[in-house]
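Owing to the predicted nature of the structure, the values given are computational and were not obtained by experimental measurement. Quick note: numbers below take in every heavy atom, side chains included, and nothing from hydrogens, waters or symmetry partners. When a ligand or atom number is given, it counts from 1 through the structure's own listing order.
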Amino acid sequence: MKRKNLLTAALFAVIMLVALCSCNLETVFNNLPYTVTEDYTPTLLVHFLDVGQGDSAFIELPNGKTMLIDTGENYHGEGIISYIERCGYRKIDYLVGTHPHSDHIGSMSYIVRHFNIGSVLMPKVAANTEMYENLLKSIESKELTVKNPKAGLKIIRGDDFSARVLGPQEISEDNYNNDSLVIRLDYKDATFLFMGDAERDEIESITADMSADVLKVGHHGSANATYQSFLDKVQPQIAVISCGENNDYGHPHQSVLKLLKQADCDVYRTDKNGTVTVYTDGTKIGVATDGVSIRRAKE
Ligand SMILES: [Zn+2]
């Protein structure tokens, strides 16, 4: 090969290599299941996954660890794992089941069996359903232990972020909703409050500070979980309601939507917006509503 041809071939190879690399970068970027539109890099992201009528929130923490609060009904496991993988993770460091109802822990057993899990956190409730027994078996087979964090306990302590359990103060034997682990996540100036399905009885028992910028509205927006004196304490800027389209329960309740509107709060709903990603650098807060939906028809 002549020297000139050799140079041309070398140049061609370099151009191809650069094109290939940028193409790969593009592919990786496009593969993220959401788009950040603000002009800063978020360091904490909360994905309120669209799991139809149910709850599931995947959290990317500032230290690179992850948390999953609830898992929706029992046919969402694969979708949740795939979403987490598309965000670039291979492990859930903190897996939280807020309370033993199927719309919250339905897919937890599947996720425990098919993914890498750090610790499992649930309220100290003994449920005798087959689903709950299966979950405990899966946890045991992976040699994981269940932690039952008490109200007031910090379950995560970072340099500039923490997650604290606010409730339940005590276990209610007759209503699992009121056993919900209520979790407050603080990162610099930004605060998130995850209510599970806590109803008025549990909410009234919480004495800790509940003020938050972002509220995961309790019990899918039902009227017994969001009322004026509660909103006065939280004073959220952003509220996210996780519920199914045309669900049988009438969630969210009209009175709740009205109260949130009066409180001048931006409301997002998984039944209308699909997966909602709220992200922050600890000061500014942005919302993406183009998140990939993992909603599936009942199997
Ligand atoms: Zn629920």
Exercise. Give a yes or no on whether E78 atom CD has more than 12 heavy-atom contacts from other residues, nucleotides or ligands under 6.0 Å away.
Key: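 Atom CD in E78 is not packed in, count stays at 12 or less.
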Quiz item: Under 6.0 Å between the ring centres of H47 and Y83?
Solution: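 Ring-ring flag for H47/Y83: true, centres closer than 6.0 Å.
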Self-check item: side chain to side chain contact (heavy atoms under 4.5 Å, CB included) partners of S205, counting only residues at least two apart
Solution: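 Side chain to side chain contact (heavy atoms under 4.5 Å, CB included) check on S205 returns Q169, E202.
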Quiz item: For residues 156-183, which residue pairs qualify under ring pair (Phe, Tyr, Trp, His ring centres under 6.0 Å), counting only residues two or more places apart or in two chains?
Solution: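 Checked against ring pair (Phe, Tyr, Trp, His ring centres under 6.0 Å) - neighbours excluded - the pairs reaching residues 156-183 are H101-Y176.
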Practice problem: Just grab all the side-chain hydrogen bond (donor to acceptor under 3.5 Å, both in side chains) pairs involving residues 135-156, residues at least two apart or on different chains. | Solution: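 Output for this query lists S109-S138, R113-S138.
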Quiz item: Judged by modelled atom types alone, do D213 and Q237 share a side-chain donor-acceptor pair under 3.5 Å?
Solution: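 Yes, because at least one side-chain N or O of D213 sits under 3.5 Å from a partner of the opposite role on Q237.
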Self-check item: the Zn ion (ligand 1): protein N, O or S atoms that are less than 2.8 Å away, sorted by chain
Solution: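 Only D103 OD2, H104 NE2, D197 OD2, H220 NE2 fall inside 2.8 Å of the Zn ion (ligand 1).
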